[in-house]
Amino acid sequence: MNEALELLANPWIHGFVFGAVIVTALMSVTAYITWFERKFAARLHSRMGPTMVGPKGLLQPIADGLKMIQKEDIVPRDADRLLFNAAPAITLFFALAVAAVIPFSPGLLASNLDIGVLYALAVSGLMGFPVWVGAWASNNKYALFGGMRAVAQAISYEIPMVLSALVPVVLAGSLSIGQIVEYQIEHGWFAFWPPGPGIFAFVLFMLTALAEGNRIPFDIPEAESELVAGPTTEYTGIKFGLFASAEYIHSLLASALGAALFLGGWDGPFGIPVFWMLLKTCMLFVGVTWIRWTLLRFRSDQLMALCWVYLVPGALGLLLITGLYVHVRG
């Protein structure tokens, strides 16, 4: 037992073990998130959802995975084969890499970086580029337009997302996600304190997380009525599944990051700390899913106007107010 603890004390072994556990858990949970979303959407729209494969359709994600694996792997004749094949895996890698710095309880994380917030935002922001690479490599004009929209959206909405995430950083005086959570445990959750900038920064962060994850009303890169399937038009089988999994994982981890930065992370009145972190993450993800199946998508011009005309100035204002608050209160 002592030897095992000594091995886990090594940062490389600790990161590998916890990383493998977190990745396995995320991939397993993501499979059943698809089942939950289909059931949830069916409930909102007075439909049944998956019912045929397993009790209440619980085996539907396994059936979907097996079906995608068996699908023919088609590469367009004039596509850039290397980039076309690499793009889905790189997108999934960036989505999973964000999980390395998210603490689910004290010490339960793969890497406790002092710049955890900066790392999470930087890596999640890179997800748009392999999507663009895959779209360009497809040699399909519809995929190319979808990739251009994806990059424009990712770059635009990354700015208010970073600015809103800096509000808890300024309040806590740290870029470490764990230290931000500990500060909230002592002083109160940032979603409710200070009353003004905290709640608005939280709403803004989750709104931009919708855009970063290409979720309705921000799924312009995959507008079926205009672009068929956007950047993934030419992808088949498991490669298409990797793109879809990356979007679900991004939304889930954005919810976890929002819970850590604004809702006190693992803080709770009783019980196991990891339970509260998972509960808050699930609640935020359900909220994201609810919005996704309730609203209609924006037009491209409306999406960009919302970002640059309203969200960016609003985020700058929130950060300025937060800085003044910290300066006055010391």
Side-chain angles (χ1 to χ4, degrees), residues 18-45 47-76 79 81 83-100 102 104 110 124 127 130-131 133-135 137-138 143 146 150 212-216 219 221-222 224 228-256 278 281-282 285-286 288-289 292-293:
F18 275 74
V21 171
I22 291 172
V23 167
T24 302
L26 274 176
M27 294 302 293
S28 302
V29 168
T30 300
Y32 275 91
I33 280 176
T34 62
W35 172 87
F36 167 77
E37 182 171 21
R38 292 164 75 176
K39 280 290 190 182
F40 188 82
R43 185 68 174 174
L44 289 178
H45 296 171
R47 296 183 285 110
M48 295 296 292
T51 57
M52 303 299 293
V53 185
K56 298 187 180 298
L58 282 170
L59 298 182
Q60 187 66 51
I62 299 175
D64 291 340
L66 292 174
K67 183 178 181 180
M68 284 192 292
I69 292 173
Q70 296 177 55
K71 287 287 186 179
E72 182 180 2
D73 181 20
I74 300 175
V75 179
R81 184 174 292 268
L83 296 179
F84 183 84
N85 291 327
I90 297 174
T91 305
L92 182 64
F93 170 78
F94 284 140
L96 289 170
V98 177
I102 295 180
F104 293 91
S124 66
M127 278 186 59
V131 173
V133 168
S138 300
E212 289 286 300
N214 293 331
R215 307 285 282 178
I216 289 177
D219 67 331
E222 300 172 4
E224 294 89 347
V228 187
T232 59
T233 298
E234 297 291 352
Y235 282 94
T236 60
I238 194 62
K239 293 177 186 175
F240 177 83
L242 292 179
F243 276 121
S245 298
E247 288 188 3
Y248 278 107
I249 291 172
H250 181 276
S251 297
L252 185 64
L253 292 179
S255 300
L278 294 177
T281 300
C282 291
F285 184 81
V286 169
V288 168
T289 306
R292 184 255 183 273
W293 287 101

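Just so we're clear, the structure is a prediction, and the values are computed from it rather than from any experiment.
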Take Leu242 and Tyr235 through the side-chain contact (heavy atoms from CB on, under 4.5 Å) test and state the conclusion after the steps. CA-CA 10 Å; Leu242 292 179; Tyr235 282 94; over 6 Å; no
Report the C-alpha distance between Met27 and Leu96 in whole Å, list the side-chain angles of each, state the deciding distance to 0.1 Å, and finish with yes or no for side-chain contact (heavy atoms from CB on, under 4.5 Å). CA-CA 9 Å; Met27 294 302 293; Leu96 289 170; 4.2 Å; yes
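Atom CZ of Phe93 sits in a sparse spot, with 12 or fewer heavy atoms from other residues, nucleotides or ligands closer than 6.0 Å. Around CZ of Arg47, the count of heavy atoms belonging to other residues, nucleotides or ligands within 6.0 Å exceeds 12.
The backbone N or O of Gly57 sits less than 3.5 Å from a side-chain atom of Trp35, completing a donor-acceptor pair. Between the His250 side chain and the Val98 main chain, no donor and acceptor come within less than 3.5 Å of each other. Between the side chain of Thr236 and the backbone N or O of Ile74 there is at least one donor-acceptor pair closer than 3.5 Å.
Note that CG of Leu92 is 10.0 Å distant from CZ of Phe243, once rounded to the nearest 0.5 Å. The OG1 atom of Thr51 sits 6.0 Å away from atom NZ of Lys39, with the distance rounded to the nearest 0.5 Å. In this structure, Ile102 CD1 and Thr281 OG1 are separated by 7.5 Å, a value rounded to the nearest 0.5 Å. The OH atom of Tyr248 sits 9.5 Å away from atom OG1 of Thr30, with the distance rounded to the nearest 0.5 Å. Here Leu252 contributes atom CG and Ile33 contributes atom CD1; the two are 4.5 Å apart, rounded to the nearest 0.5 Å. Atoms OG1 and CD, from Thr91 and Glu247 in turn, are 9.5 Å apart once rounded to the nearest 0.5 Å.
With a 4.5 Å cut-off on side-chain heavy atoms, Leu26 and Leu253 count as touching. Between Asp64 and Arg38 there is a side-chain heavy-atom pair separated by less than 4.5 Å. Side-chain atoms of Glu234 and Phe84, non-hydrogen and from C-beta on, do get closer than 4.5 Å to each other.
Minimum heavy-atom separation, Ala246 to Met127: O-CE, 3.8 Å. Taking each heavy atom of Ala42 and Gly49 in turn, the nearest pair found is CB-N, 3.4 Å. Of all heavy-atom pairs spanning Ala143 and Ala135, the tightest one is O-CB, 3.0 Å.
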